[in-house]
Protein chains: 2
Amino acid sequence: MRYARQNKILEIIKSQEIDTQEKLAEILRKTGFQVTQATVSRDIKELQLIKTTSESGQSCYTLPAKMEAPLSDRFRKILKETIQSVDAAENLIVVKTLSGCANAAGEAIDTSDYPQIVGTLAGDNTLLVIVDKKENVSQVMAAFEEIIA
Amino acid sequence: MRYARQNKILEIIKSQEIDTQEKLAEILRKTGFQVTQATVSRDIKELQLIKTTSESGQSCYTLPAKMEAPLSDRFRKILKETIQSVDAAENLIVVKTLSGCANAAGEAIDTSDYPQIVGTLAGDNTLLVIVDKKENVSQVMAAFEEIIA
DNA sequence: ATGAAATATGAATAATTATACGACCGGTCT
DNA sequence: AGACCGGTCGTATAATTATTCATATTTCAT
């Protein structure tokens, strides 16, 4: 699923200076994402990454300066497309996602700043959402249901 | 001189969505700057313009988000390289520049926000700088001299 | 289940951008 | 004057990126 890969791309470009899509593709391949430059090109377009040239003259891909509006749409889309099911247990919500996408979904939720959500914990295809109070669980679940509807 | 051209480039990309360097080169040629894509590529690198993709999916060159530090260096450089002479008359300073560069120098000065400078008026190779008080003229001139030294 | 539509992707290639190289000033030094 | 240097730029081309086309896979409505 491409969201897990795109998540990885963001991770990579945040930690090192990448100046070509081919290099990005190579790193992804080493990390287990079997992918070509063509796909990386598409991912970069979708993530709206930009190629800047730093003062050192070194060019590299970075996040866009204004990432609010576009990305919040993006998060909603990620949740919509990766969440398989949502269940509650006490003050916890167990979210099942597509394989490898729990992390991406977790980041999307974290970044969306739900006040009732204390934190999230992501496995491979399971995301644990910790809610502050048992009473708020249904409210948060309703929000999720609404998104994935 | 390339600063006049780069100034034009900024003007163009601010007023319309340009998605390739070739198109930019064509517009420049129509405007009288006889130039090839190669040169535009170099200008774009120097201006640190970035190619973003707008929400409409249309990609285009734009100014970098953070343009403070790099551009102030740039302005200083423009002044240093384009100013030919500086003379005063009452509360006015007459700056001679390389042909076609008065505008670029004027913008550089305007953007630098000297408190004593009321405004500037640019011809082709002459820039008139209007200083608030006659007494401040020598101070501003000293600043210019320092830059072009 | 079954076929139609949507999605994702790779291979090949088209389109775009960056650069190596050489030419051409304009200024400077001897 | 002549040699030299630094900067600018075009041509040709290398390098990079985007897209077209074909497939495979999934989704979804019958």
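Lettering of chains follows the sequences in order, A, B, ..., and the numbering in each one begins at 1.
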> So, is Arg5(A) near the phosphate of dA8(C), with a side-chain N or O under 4.0 Å from OP1 or OP2?
Replying inline: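 Negative; the distance criterion is not met.
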> Of all residues at least two apart in sequence or in a different chain, which pass the salt bridge (Lys or Arg N to Asp or Glu O under 4.0 Å) check with Arg42(B)?
Replying inline: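 Once residues adjacent in sequence are excluded, Arg42(B) has no partner under the salt bridge (Lys or Arg N to Asp or Glu O under 4.0 Å) criterion.
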Could you state the atom-to-atom distance from [atom1] of [X] to [atom2] of [N] in whole Å?
X        : N       : atom1 : atom2 : answer
Gln34(B) : dC25(C) : CD    : P     : 15 Å
Leu28(A) : dA8(C)  : CG    : C1'   : 16 Å
Phe33(A) : dT9(C)  : CZ    : C1'   : 15 Å
Arg29(A) : dG10(C) : CZ    : C1'   : 12 Å

>> Does Glu46(A) reach a base, just sugar-phosphate, or nothing at all? Heavy atoms under 4.0 Å.
In response: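 It contacts nothing in the nucleic acid.
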> Phe33(B) versus Gln6(B): any side-chain heavy-atom pair under 4.5 Å?
Replying inline: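 Counting from C-beta outward, Phe33(B) and Gln6(B) never come under 4.5 Å.
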> Base, backbone or nothing for each nucleotide of nucleotides 12-19 of chain C, written B, S, -, heavy atoms under 4.0 angstrom, 5' to 3'?
Replying inline: ----SBBB
> Okay, side chain of Asn91(B), backbone of Lys133(B): is any donor-acceptor separation there less than 3.5 Å?
Replying inline: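 Looks like no, no N/O pair under 3.5 Å.
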> For residues Gln37(A) and Glu22(A), is any side-chain donor paired with an opposing acceptor at under 3.5 Å?
Replying inline: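 No - no donor-acceptor pair under 3.5 Å links their side chains.
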>> For the CD1 atom of Ile50(A) and the CD1 atom of Ile13(A), what is their distance to the nearest 0.5 Å?
In response: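 The CD1 atom of Ile13(A) is 9.0 Å from CD1 of Ile50(A), to the nearest 0.5 Å.
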Review item, side-chain donor-acceptor pairs of residues 134-141 of chain B, under 3.5 Å, at least two apart:
residue	atom	partner	partner atom	Å
Asn136(B)	ND2	Asp132(B)	OD1	3.0

